[in-house]
Asker: 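I have a structure I would like to understand better, so I am pasting it below and will then ask my questions one at a time.
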Amino acid sequence: MKIFNKTIEFQTKGLFDFIDITNKVINFVKESQIKDGFVNIQILHTSAALIVNENEPLLIEDFKENLRKTAPQNLTYQHDDLTKRTVNLCPDECVNGHSHCTAIHLLVNATLNLIKGKIQLGQWQRIFIVELDQSRERKVQIQILGV
Amino acid sequence: MKIFNKTIEFQTKGLFDFIDITNKVINFVKESQIKDGFVNIQILHTSAALIVNENEPLLIEDFKENLRKTAPQNLTYQHDDLTKRTVNLCPDECVNGHSHCTAIHLLVNATLNLIKGKIQLGQWQRIFIVELDQSRERKVQIQILGV
Amino acid sequence: MKIFNKTIEFQTKGLFDFIDITNKVINFVKESQIKDGFVNIQILHTSAALIVNENEPLLIEDFKENLRKTAPQNLTYQHDDLTKRTVNLCPDECVNGHSHCTAIHLLVNATLNLIKGKIQLGQWQRIFIVELDQSRERKVQIQILGV
């Protein structure tokens, strides 16, 4: 059994930036030379998420419109009330209660089957990171375990 | 370590068809003779999804009602505007922006623990494929990795 | 390859009780002495779920407010109509159609990468069980597979 991992880092452009990382995952699977097993893709953030769906530019606009309603930005979030908050405060604190609330409706990890050297993805399935906060540096970790 | 996989294919009956595949998964686990490891169930589509929850017919009606609101079919989706769209067009293109928008709120894969020959499911947990589009041919892939 | 599993049991306090199990998971990873592999955390219930996000008390209040809208408790759920229902009835049956409908929007399992003895979690990522029903006994299963 072999295990390999890789962390991909990138800068998102802002709220609802969708970054298609499918080719990076496929290339890492090839490099690993693991033929059969699982590929686990994990996001390391709480105000960004994973989406596995179609990469069609108009559909991505639809996703954004839908996610705006999942946790509307114009509601009041207690997390953003710095007069009350005492926990987990950091220098680059930003107004992002809505980002976390959207994130819990999406994926933190996706485990995909690896069979005969090919990561299994349906015809239209692509792997995205979606930024739910403002422009930030983000990390996604890919780990492959198999033979 | 052993790895086995199987693809289940079926025809869904239409929007919100819920297909309980639990017994098919349990049978494949038995056939595999793997006793301890992980069972990963992955859907290979972007307008259908996985749900792990209770199989109670009235509750399934409640799920449908809830999912209708997750991405209402009567809203306008840019993905369905064939006067604007230029990408990923195929002969059987159908009006399904709402289907993709619902799918991103549900599961693409479920990784379930396999212990002493038994896939771990709570008393009421059943594994469903849910059709979010019209009647279509669908594939679900099960991969078991363990000893 | 080694595999270890552990089931954590606890009593929730009621609707939207958030229980942070991160330290229990980290401790079990240490005990297992597995260094590289996957940690799969699976909930065994259909009216409770997993959330991986930040443990900030005001944000948890925001999550509750958001989840109340995901499947409002004051709507009518057919699952709760005991004049119509004939399936899966049990002695401790409670009015929980909304609980199941919220659960399908959240996680049933989370597979996290284990690298050099450390479960991979971003700076703010914590693992929660969230009760979506009334106070109940709940079980979460952790399985680690690796070397």
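Note on naming: letters A, B, ... go to the chains in the order of the sequence lines (proteins, then strands), and numbering restarts at 1 for each one. Computed from a predicted structure; not experimentally measured.
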Asker: Measure from the side-chain N and O atoms of A:Thr12 to the backbone N and O of A:Ser135, and report whether any donor-acceptor pair falls under 3.5 Å.
Answerer: no

Asker: For each of B:Lys139, B:Arg85, B:Met1, tally heavy-atom pairs with chain A at distances under 4.5 Å, and name the one with the top tally.
Answerer: B:Arg85

Asker: Quick check: do A:Phe128 and A:Ile21 have side-chain heavy atoms less than 4.5 Å from each other?
Answerer: no

Asker: Quick one: does any side-chain atom of A:Asn109 pair with a main-chain N or O of A:Ile41 as donor and acceptor, under 3.5 Å?
Answerer: no

Asker: Please look at B:Leu106 and chain A and tell me whether the side chain, the backbone, both or neither of the residue comes under 4.5 angstrom of a heavy atom of that chain.
Answerer: backbone

Asker: Just verifying a value: how many Å separate B:Phe16 CZ and B:Glu65 CD, rounded to the nearest 0.5 Å?
Answerer: 9.0 Å

Asker: Tell me, side chain or backbone of B:Lys84 under 4.5 Å from chain A's heavy atoms, or both, or neither?
Answerer: both

Asker: Identify the residues of residues 45-59 of chain B whose heavy atoms come closer than 4.5 Å to a heavy atom of chain A, ordered by number, or report 'none'.
Answerer: B:His45, B:Thr46

Asker: Which atoms form the tightest heavy-atom contact between A:Lys2 and A:Ser32, and what is the distance?
Answerer: NZ-O, 4.1 Å

Asker: Under 4.5 Å between any side-chain heavy atoms of B:Asn96 and B:Asp80, yes or no?
Answerer: yes

Asker: Give me the contact list for residues 118-126 of chain A versus chain B, heavy atoms only, anything under 4.5 Å, ordered by residue number.
Answerer: A:Gln120, A:Leu121, A:Gly122, A:Gln123, A:Trp124, A:Gln125

Asker: Looking only at atom types and distance, does a side-chain atom of A:Thr22 sit under 3.5 Å from a main-chain N or O of A:Ile127, one as donor and one as acceptor?
Answerer: yes

Asker: Angle class for the B:His98/B:Tyr77 ring planes (parallel below 30°, perpendicular above 60°, tilted otherwise)?
Answerer: tilted

Asker: Can you see which heavy atom on A:His105 is nearest to which on A:Cys101, and at what distance?
Answerer: CD2-O, 3.1 Å

Asker: So for B:Ile3, is it side chain, backbone, both, or neither that comes closer than 4.5 Å to the heavy atoms of chain A?
Answerer: side chain

Asker: Distance-only, no hydrogens or angles: does the A:Asn27 side chain make a donor-acceptor pair with backbone N or O of A:Asn23 under 3.5 Å?
Answerer: yes

Asker: Below 4.5 Å from any heavy atom of chain A, which atoms of B:Thr86 appear? Answer side chain, backbone, both or neither.
Answerer: neither

Asker: Using a cut-off of under 4.5 Å for heavy-atom pairs, which of A:Leu112, A:Leu67, A:Leu114 has the most such pairs with chain B?
Answerer: A:Leu112

Asker: When the ring planes of A:Phe38 and B:Phe38 are compared, do they come out parallel, tilted or perpendicular, using 30° and 60° as the limits?
Answerer: tilted

Asker: Which atoms of B:Asn40 are under 4.5 Å from chain A, going by heavy atoms: the side chain, the backbone, both sets, or neither?
Answerer: both

Asker: Could you go through the salt bridge (charged side-chain N to carboxylate O under 4.0 Å, His left out) check for B:Arg138 and B:Glu9 one step at a time?
Answerer: CA-CA 6 Å; B:Arg138 299 300 195 179; B:Glu9 300 189 37; over 6 Å; no

Asker: Mark yes or no for whether A:Thr7, through its side chain, and A:Gln141, through its backbone, hold a donor-acceptor pair below 3.5 Å.
Answerer: no

